[in-house]
There are 2 protein chains.
Amino acid sequence: MKDENIPVTSETLGSYLGTSGDSIRRDIGCLIPKEGKGHYEKRPLAEEIAQAFGFEEPLKICLVGLGILGQYMLQTMDQWDHAKIVLLFDTKINRLERLDQSIPAFPAWEIPEILPSRGIKTAVLATEAEEAEKNASRLFSGGVKYLLNLTGYYLRSPHGGIRIKNINLLSELLCLKATLQNQRKE
Amino acid sequence: MKDENIPVTSETLGSYLGTSGDSIRRDIGCLIPKEGKGHYEKRPLAEEIAQAFGFEEPLKICLVGLGILGQYMLQTMDQWDHAKIVLLFDTKINRLERLDQSIPAFPAWEIPEILPSRGIKTAVLATEAEEAEKNASRLFSGGVKYLLNLTGYYLRSPHGGIRIKNINLLSELLCLKATLQNQRKE
DNA sequence: TAGTGTGAACCGTTTCACAGCC
DNA sequence: GGCTGTGAAACGGTTCACACTA
């Protein structure tokens with residue numbers, strides 16, 4: 001890879017992220033111990049940000065739920081450097097058997113037994129909505145600290161040390177419609 | 001269905017949504033023309049909210065991209081009352097042929113030709129990231145006003161009349177890790 | 001008395017404005 | 001001159017406090 005110390009402006013970065021140059025500068029100012037006063041350069045900046053957030057080595061992730069959505073996560077993350085799925089669970093054993101994966105896979109009720117020894121902090125929950133609550137608490141008691149919940153069932157964090165991101169793909173559509181419809185009211 | 005004029009408190013509603021009763025009351029106050037001063041009741045309240053947002057009849061949705069993620073959307077929305085997928089597109093013709101669907105399906109390059117006559121305002125984009133930009137502009141010129149973009153490629157709205165919700169399932173994981181890591185720094 | 005509706009205070013974020021630096 | 005870094009103002013959303021009502 002060639003030397004990528006090419007300059008980037010905060011404004012350009014902002015445009016990639018859908019925000020302003022002002023905000024970018026503020027955020028970078030918080031993250032990076034401010035010594036360099038010069039202009040931003042692509043590679044060193046990226047490295048400093050990655051370091052500030054702890055992105056140097058890939059995240060090890062546990063995936064629960066091997067339905068169609070779980071398979072999608074498995075597939076797309078395969079081509080991704082920043083995180084790797086290293087452990088699989090599902091409630092349906094036949095799904096696990098059908099799998100020709102190099103990634104170890106177990107029935108979901110074995111989470112409490114298997115997870116703790118692996119030191120995995122991050123999980124993706126992609127089961128049916130009905131199984132969300134139960135599997136989430138299994139994960140938390142197994143040591144998971146960050147949960148990406150794709151089930152559509154809204155989960156609340158049991159305490160401050162655990163972060164949950166709830167994503168409900170269906171309701172996003174209604175939100176979109178609602179916001180646009182509402183802004184017309186003016 | 002039995003009569004559901006049962007009372008609900010703002011606090012209870014808030015707990016379902018991960019917010020406070022105060023906020024719920026504020027929001028309801030904005031949405032509903034405030035005449036009833038009494039306590040909230042489940043069904044009438046739900047109906048008034050649905051009406052305020054225009055949720056009475058199901059959203060008609062167009063789905064672009066029939067990969068694994070698109071198939072997931074197709075599958076889950078099938079069991080959902082609030083929105084229905086009524087039109088499909090994909091760039092790969094063999095995917096379209098393999099489909100035994102009652103929903104009409106066309107190659108993506110025919111969007112500009114087919115979409116306008118259908119009066120569809122809402123679309124889900126679930127193609128490869130590389131095809132996001134091109135298909136999005138096809139959709140917009142075909143009359144789409146709300147776009148749920150699941151490709152992972154960040155799209156910006158061409159103007160105020162169009163709303164885009166970008167969801168990047170992969171990067172959500174990094175965000176989660178970053179926020180938790182950061183709050184430790186205190 | 002429990003719960004709503006709403007001004008007023010509060011707080012985190014974004015934008016503005018501008019001084020300093022390359 | 002263009003860009004960064006950062007106080008100060010502006011903004012939007014949340015919380016507080018409390019009068020009002022069923």
Side-chain angles (χ1 to χ4, degrees), chain A residues 3-49 51-53 154 156-157 160 163-166 171-172 175-176 178-186, chain B residues 3-49 51-53 154 156-157 160 163-166 175-176 178-186:
Chain A
D3 193 22
E4 298 195 31
N5 283 29
I6 56 180
V8 210
T9 72
S10 55
E11 208 59 51
T12 314
L13 291 173
S15 80
Y16 292 145
L17 281 110
T19 183
S20 71
D22 289 282
S23 293
I24 295 289
R25 294 205 300 283
R26 271 250 133 76
D27 292 352
I28 289 179
C30 289
L31 280 180
I32 294 170
K34 74 167 172 86
E35 35 181 302
K37 294 111 188 308
H39 294 189
Y40 300 145
E41 290 173 14
K42 190 173 170 184
R43 174 156 297 268
L45 182 60
E47 273 163 12
E48 282 175 301
I49 292 172
Q51 190 181 359
F53 283 136
Y154 192 93
R156 227 165 328 294
S157 170
R163 275 199 79 87
I164 300 175
K165 174 72 181 192
N166 293 289
S171 70
E172 291 295 346
C175 291
L176 268 180
T179 52
L180 192 48
Q181 159 138 348
N182 228 36
Q183 83 192 19
R184 281 223 200 82
K185 292 251 172 87
E186 293 160 21
Chain B
D3 194 21
E4 299 195 30
N5 281 29
I6 56 179
V8 209
T9 73
S10 56
E11 207 60 50
T12 313
L13 292 173
S15 80
Y16 293 145
L17 281 107
T19 184
S20 70
D22 288 284
S23 292
I24 296 289
R25 295 205 300 282
R26 272 251 133 74
D27 292 351
I28 289 179
C30 288
L31 281 180
I32 295 169
K34 72 166 175 89
E35 37 183 299
K37 295 109 185 307
H39 294 192
Y40 300 145
E41 290 174 13
K42 189 172 171 183
R43 172 156 298 268
L45 182 59
E47 272 165 12
E48 281 175 302
I49 292 173
Q51 189 180 2
F53 283 136
Y154 192 95
R156 226 164 327 296
S157 171
R163 275 199 80 86
I164 300 175
K165 174 72 181 192
N166 293 290
C175 291
L176 268 182
T179 51
L180 192 46
Q181 159 139 347
N182 227 36
Q183 83 193 20
R184 280 221 201 86
K185 290 251 174 85
E186 292 159 22

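Remember, predicted model here, so these are calculated numbers, not experimental data. The chains referred to below are lettered A, B, ... by the order of the sequence lines, with proteins before strands, and numbering in each begins at 1.
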OP1 or OP2 of C/dG5 versus the side-chain N and O atoms of B/Y40: is any pair under 4.0 Å?
yes

Take the protein atom CG of A/L31 and the nucleotide atom P of D/dG5, then report the distance between them rounded to whole Å.
12 Å

On a heavy-atom basis, the closest approach of A/R163 and B/L176 is CB-CD2, 3.8 Å

Within residues 16-24 of chain B, those residues having any heavy atom closer than 4.0 Å to DNA chain D are B/S20, B/D22, B/S23

Atom CD1 of A/I32 and atom C1' of D/dT6 are separated, to the nearest Å, by 16 Å

Compare all side-chain heavy atoms of B/L45 with those of B/L13 and state whether any distance is below 4.5 angstrom.
yes

Atom CG of A/N5 and atom P of C/dC22 are separated, to the nearest Å, by 18 Å

Rounded to the nearest 0.5 Å, what separation is found between the CG atom of A/L31 and the CD atom of A/Q51?
11.0 Å

Measure from CG on A/L45 to P on D/dC3 and round the result to the nearest Å.
16 Å

Distance, nearest 0.5 Å, that separates OH of B/Y40 from CD1 of B/I32
7.5 Å

Could you check how far CD1 of B/I28 sits from C1' of C/dT4, rounded to whole Å?
10 Å

If I compare all heavy atoms of A/R25 with all of A/S10, which pair ends up nearest, and what's the gap?
NH1-OG, 3.2 Å

Can you measure from CD1 (A/I49) to CD1 (A/I28) and round to the nearest 0.5 angstrom?
5.0 Å

Separation of C/dG5 atom C1' from B/H39 atom NE2, nearest Å, is 12 Å

Looking at A/S10, does any N or O in its side chain come under 4.0 Å of the phosphate oxygens OP1/OP2 on D/dT4?
yes

Quick one: the side chain of A/R26 and the base of C/dT15, do they pair up donor-acceptor inside 3.5 Å?
yes

Considering non-hydrogen atoms only, spot the tightest contact between A/N5 and A/P44 and give its length.
OD1-CD, 3.7 Å

Using whole Å, what does the distance between atom C1' of nucleotide D/dG13 and atom CG of B/D27 come to?
10 Å

Distance in angstrom units between A/E11 CD and C/dC16 P, rounded
11 Å

